[in-house]
Amino acid sequence: QVQLVESGGDSVQAGGSLRLSCVASGIVYSWYCMGWFRQAPGKERERVAVIDSDGSTSYADSVKGRFTISRDNAKKTLYLHINTLKSEDTAMYYCAARLSWSGGCLPKRLPSDFGNWGQGTQVIVSS
């Protein structure tokens, strides 16, 4: 059974930084494409960044240069480093996983492309 558990969300001031983590269990981690999505109140869930098992990455245009996705396959942990936080980054952040060989990784943008999800971690940015 796949389990993804996020942590690291917090209430911070604009301009600050955070590191989100997502620990996986129940999977052969190196087989999986991992992603971060976020959902703000009243908005659809959107892809933030994805990382393939080989470390290749893709980002949403809105976060390029401020967000960095990384993974530690030995620890089965996914990270999202967020710098220069803005009020529009306020959202619930979700970790997601899909098998890398089942149709690819980096081009996948829709929540429906990922079959495994964590419960989310809340980020609130105040100005």
Side-chain angles (χ1 to χ4, degrees):
Q1 182 180 358
V2 179
Q3 280 197 316
L4 302 172
V5 180
E6 302 97 331
S7 63
D10 203 350
S11 181
V12 296
Q13 289 198 331
S17 299
L18 279 176
R19 187 184 77 165
L20 308 183
S21 300
C22 170
V23 179
S25 61
I27 60 174
V28 180
Y29 192 70
S30 59
W31 292 357
Y32 279 75
C33 165
M34 301 298 297
W36 286 101
F37 287 73
R38 66 185 180 185
Q39 188 166 17
K43 295 188 177 181
E44 293 186 351
R45 192 170 296 189
E46 63 173 357
R47 190 195 76 157
V48 173
V50 295
I51 183 168
D52 208 344
S53 54
D54 63 358
S56 54
T57 59
S58 178
Y59 294 89
D61 289 342
S62 60
V63 306
K64 283 180 180 177
R66 296 191 300 120
F67 287 28
T68 302
I69 189 172
S70 61
R71 63 191 290 165
D72 185 329
N73 287 344
K75 295 182 178 180
K76 294 188 176 182
T77 302
L78 177 72
Y79 301 101
L80 185 69
H81 289 79
I82 309 175
N83 295 318
T84 318
L85 278 156
K86 304 177 180 180
S87 56
E88 52 262 44
D89 296 322
T90 294
M92 185 72 80
Y93 283 72
Y94 296 93
C95 171
R98 59 173 281 119
L99 283 167
S100 292
W101 67 67
S102 180
C105 179
L106 299 188
K108 300 302 180 182
R109 300 179 180 274
L110 300 177
S112 57
D113 291 328
F114 290 76
N116 303 287
W117 293 86
Q119 82 290 348
T121 187
Q122 182 73 52
V123 173
I124 298 173
V125 184
S126 57
S127 56

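When a residue number appears, it is its place in the shown sequence, counting from 1.
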Nearest 0.5 Å please: distance from the [atom1] atom of [X] over to the [atom2] atom of [Y].
X: Arg38; Y: Ile82; atom1: CZ; atom2: CD1; answer: 8.0 Å
X: Leu4; Y: Asn116; atom1: CG; atom2: CG; answer: 6.0 Å
X: Ser127; Y: Lys86; atom1: OG; atom2: NZ; answer: 13.0 Å

I'd like to know whether CD of Glu44 has more than 12 heavy-atom contacts from other residues, nucleotides or ligands below 6.0 angstrom.
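No - once you tally the heavy atoms of other residues, nucleotides and ligands closer than 6.0 Å, there are 12 at most.
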Kindly say whether [Y] contributes a backbone atom to a donor-acceptor pair with the side chain of [X] at under 3.5 angstrom?
X: Arg71; Y: Asp52; result: yes
X: Asp10; Y: Val12; result: no
X: Ser87; Y: Val125; result: no
X: Gln122; Y: Ala91; result: yes

What pairs of residues pass the salt bridge (Lys or Arg N to Asp or Glu O under 4.0 Å) test when at least one of them lies in residues 98-108, not counting sequence neighbours?
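Passing the test, one end in residues 98-108: no pairs.
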Would you kindly confirm whether Tyr79 and Phe67 end up in one hydrophobic cluster when ILVMFWY residues are joined by side chain heavy atoms under 4.5 Å apart?
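No, it is not one cluster - the side chains of Tyr79 and Phe67 are not joined through contacts under 4.5 Å.
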Should Trp36 and Val63 be counted in the same cluster of Ile, Leu, Val, Met, Phe, Trp and Tyr side chains packed under 4.5 Å apart?
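Yes: a chain of side-chain contacts under 4.5 Å links Trp36 to Val63.
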How would you list, by chain and number, every residue that makes a salt bridge (Lys or Arg N to Asp or Glu O under 4.0 Å) with Lys64, sequence neighbours excluded?
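Testing Lys64 for salt bridge (Lys or Arg N to Asp or Glu O under 4.0 Å), a comparison that skips the adjacent residues, returns Asp61.
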Can you name the residues that form a salt bridge (Lys or Arg N to Asp or Glu O under 4.0 Å) with Arg66, not counting sequence neighbours?
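Salt bridge (Lys or Arg N to Asp or Glu O under 4.0 Å) check on Arg66 returns Asp89.
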Starting from the C-alpha separation in whole Å, work towards a yes-or-no answer on side-chain hydrogen bond (donor to acceptor under 3.5 Å, both in side chains) for Ser58 and Arg47.
CA-CA 10 Å; Ser58 178; Arg47 190 195 76 157; 3.1 Å; yes
By side-chain contact (heavy atoms from CB on, under 4.5 Å), which residues pair with Thr57, not counting sequence neighbours?
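Checked Thr57 against side-chain contact (heavy atoms from CB on, under 4.5 Å); matches are Ile51, Tyr59, Ile69.
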List, one per line, each side-chain donor-acceptor pair under 3.5 Å for residues 21-33, sequence neighbours excluded.
from	atom 1	to	atom 2	distance (Å)
Tyr29	OH	Thr77	O	3.4
Tyr29	OH	Leu78	N	3.4

Minimum heavy-atom separation for Glu6 and Cys95, please, with both atom names.
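For Glu6 versus Cys95, the nearest heavy atoms are OE2-N, 2.8 Å.
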Cluster companions of Trp117 among Ile, Leu, Val, Met, Phe, Trp, Tyr (side-chain spacing under 4.5 Å)
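Joined to Trp117, directly or through intermediates: Phe37, Val50, Met92, Tyr94, Leu106, Phe114.
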